Amino acid sequence: MELDPQSPDIEMAWAMRAMQHAEVYYKLISSVDPQFLKLTKVDDQIYSEFRENFKKLRIDVLDPEDLKSEAAKEKWRPFCLKFDGIVEDFNYGTLLRLNCSQGYTEENTIFAPRIQFFAIEIARNREGYNKAVYTSVQDKEEDKGANNGGDKGANNGGEEEKGTNREGEKEKTNKGGEKEKEAYKEINKSGETAM
C-alpha cells in the first residue's frame, strides 16, 4: 500500500513531529544555558556560513518577509543546499519562533526548513538572544523554590525537586549538568539523532 504524501494522516504525523521537536528544543534552551549548546556536529560551519551570508539579518525578532519573500527565498536557497548531505533532513519542515524571547505559540511560530532553524537558533544561542528564555525559566524556578520554603536541595544529596512530570511523579535533577543530560535524553526519545 502506497501512502499519499498529501493525506491528512501524513500531514498530521508531520505536524506532530514538528511540534514535538519544538517542545524538546524549548525545554532544552529553558534547562541549559543556550550559549553552550551544540545542536549539530557542524554548528561552527552552519554559524559561519549563516553570518557570512546574512550579516545584517535581525535574529532576535524575525520578520517573516526575511525568510519567505521571493527575494529571501532566492538568498536562502543556496545557503540551505550547501548542507544537503551534511545535515540530516536539512530541508525537513520545523517550527521556528519569530520572537526568541517568547515560546512556541501560533502567533510566534512559522514553518521553516530544518537548516534555517539550525542557522537562526545557533546564532541566537551564540549571540546570547536565547538567554532570555533560560533566565526567565530559571528565575521562575527560583521564585517557586523561595515560595516553597526555600532550600529544597540542601540535605538530599545535591538533588533538587523540580515539580511534576507528565506522569505526575516528582522530577529530580542533580545540580551540575543533570538538566542537560535529561534534555538530551528527551531529544533522543523523540527519534532525533541530533536536534
Side-chain angles (χ1 to χ4, degrees), residues 16-40 43-44 46-47 50-51 54 57-64 66-67 94-112 114 116-190 192 194-195:
M16 288 174 60
R17 183 173 174 200
M19 191 61 215
Q20 183 180 35
H21 176 269
E23 288 172 354
V24 169
Y25 181 69
Y26 194 77
K27 184 177 182 178
L28 184 62
I29 63 172
S30 298
S31 303
V32 179
D33 186 343
Q35 187 175 344
F36 303 108
L37 287 177
K38 189 164 174 69
L39 300 181
T40 73
D43 280 14
D44 293 338
I46 293 170
Y47 181 70
F50 171 67
R51 277 308 184 198
F54 300 94
L57 181 66
R58 183 175 174 201
I59 58 172
D60 58 337
V61 180
L62 294 169
D63 179 349
D66 290 336
L67 305 172
T94 58
L95 299 175
L96 179 63
R97 293 170 302 135
L98 294 171
N99 182 334
C100 69
S101 67
Q102 299 175 13
Y104 286 93
T105 63
E106 192 173 335
E107 303 79 33
N108 193 44
T109 306
I110 135 178
F111 289 111
R114 189 175 198 182
Q116 205 171 39
F117 165 87
F118 280 140
I120 291 167
E121 290 297 340
I122 289 167
R124 284 174 167 175
N125 291 342
R126 291 185 176 195
E127 295 173 19
Y129 292 109
N130 276 337
K131 184 101 175 182
V133 170
Y134 172 71
T135 304
S136 167
V137 169
Q138 298 311 305
D139 288 348
K140 285 178 186 170
E141 286 185 7
E142 284 176 19
D143 289 347
K144 221 189 315 183
N147 292 336
N148 291 336
D151 203 356
K152 282 261 185 220
N155 295 322
N156 60 359
E159 292 185 339
E160 284 181 36
E161 290 191 9
K162 289 291 177 198
T164 56
N165 62 19
R166 287 184 196 156
E167 289 79 35
E169 301 166 348
K170 286 282 183 189
E171 290 182 355
K172 293 190 178 201
T173 58
N174 289 329
K175 294 178 184 169
E178 286 300 313
K179 286 183 187 176
E180 185 174 3
K181 288 179 188 172
E182 285 180 15
Y184 282 113
K185 282 182 195 171
E186 189 69 30
I187 290 167
N188 290 334
K189 271 197 267 179
S190 73
E192 301 286 315
M195 279 303 299

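Values in this document were obtained by computation on a predicted structure and should not be read as measured data.
In this structure, the side chain of Glu127 does not engage the main chain of Ile122 through any donor-acceptor pair within 3.5 Å. In this structure, Asn125 contributes its side chain and Asn130 its backbone to no donor-acceptor pair below 3.5 Å.
Under the rule for a ring pair (Phe, Tyr, Trp, His ring centres under 6.0 Å), the partners of Phe54 that lie at least two apart in sequence or sit in another chain are Phe50, Trp76, Phe79. Among residues two or more places apart in sequence or in another chain, the side chain to side chain donor-acceptor pair (under 3.5 Å) test is passed with Asp43 by Thr40. Under the ring pair (Phe, Tyr, Trp, His ring centres under 6.0 Å) criterion, Phe111 pairs with Trp14, sequence neighbours left out. Taking the side chain to side chain donor-acceptor pair (under 3.5 Å) definition, one finds that Asn99 meets it with Ser101, sequence neighbours left out. Under the side chain to side chain donor-acceptor pair (under 3.5 Å) criterion, Asp60 pairs with Arg58, not counting sequence neighbours.
Distance check, rounded to the nearest 0.5 Å: CD of Gln102 to OG of Ser136 gives 11.0 Å. Distance CZ/Arg114 to CZ/Phe117: 8.5 Å, rounded to 0.5 Å. Between the CD atom of Gln116 and the CG atom of Leu96 there is a distance of 7.0 Å, given to the nearest 0.5 Å. Between atom CG of residue Leu95 and atom CE of residue Met19 there is a gap of 6.5 Å, rounded to the nearest 0.5 Å. Between the CG atom of Leu39 and the CD1 atom of Ile46 there is a distance of 8.0 Å, given to the nearest 0.5 Å.
Closest approach of Asn108 to Gly103, counting heavy atoms only: ND2-O, 2.9 Å. For the pair Tyr134 and Pro34, the tightest heavy-atom approach, listed with the atom from each and the gap, is CB-CD, 3.6 Å.
Between Asp33 and Gln138, the closest side-chain pair of non-hydrogen atoms is not below 4.5 Å. In this structure, the side chains of Tyr129 and Ile120 stay at 4.5 Å or more apart for every pair of heavy atoms. Under the 4.5 Å side-chain criterion, counting only non-hydrogen atoms from C-beta, Ile59 is not in contact with Cys100.
For Asp44 and Lys38, the salt-bridge test fails: no basic side-chain N is under 4.0 Å from an acidic carboxylate O.
Residue pairs meeting the salt bridge (charged side-chain N to carboxylate O under 4.0 Å, His left out) criterion with at least one member in residues 95-107, sequence neighbours excluded: Arg97-Glu121.
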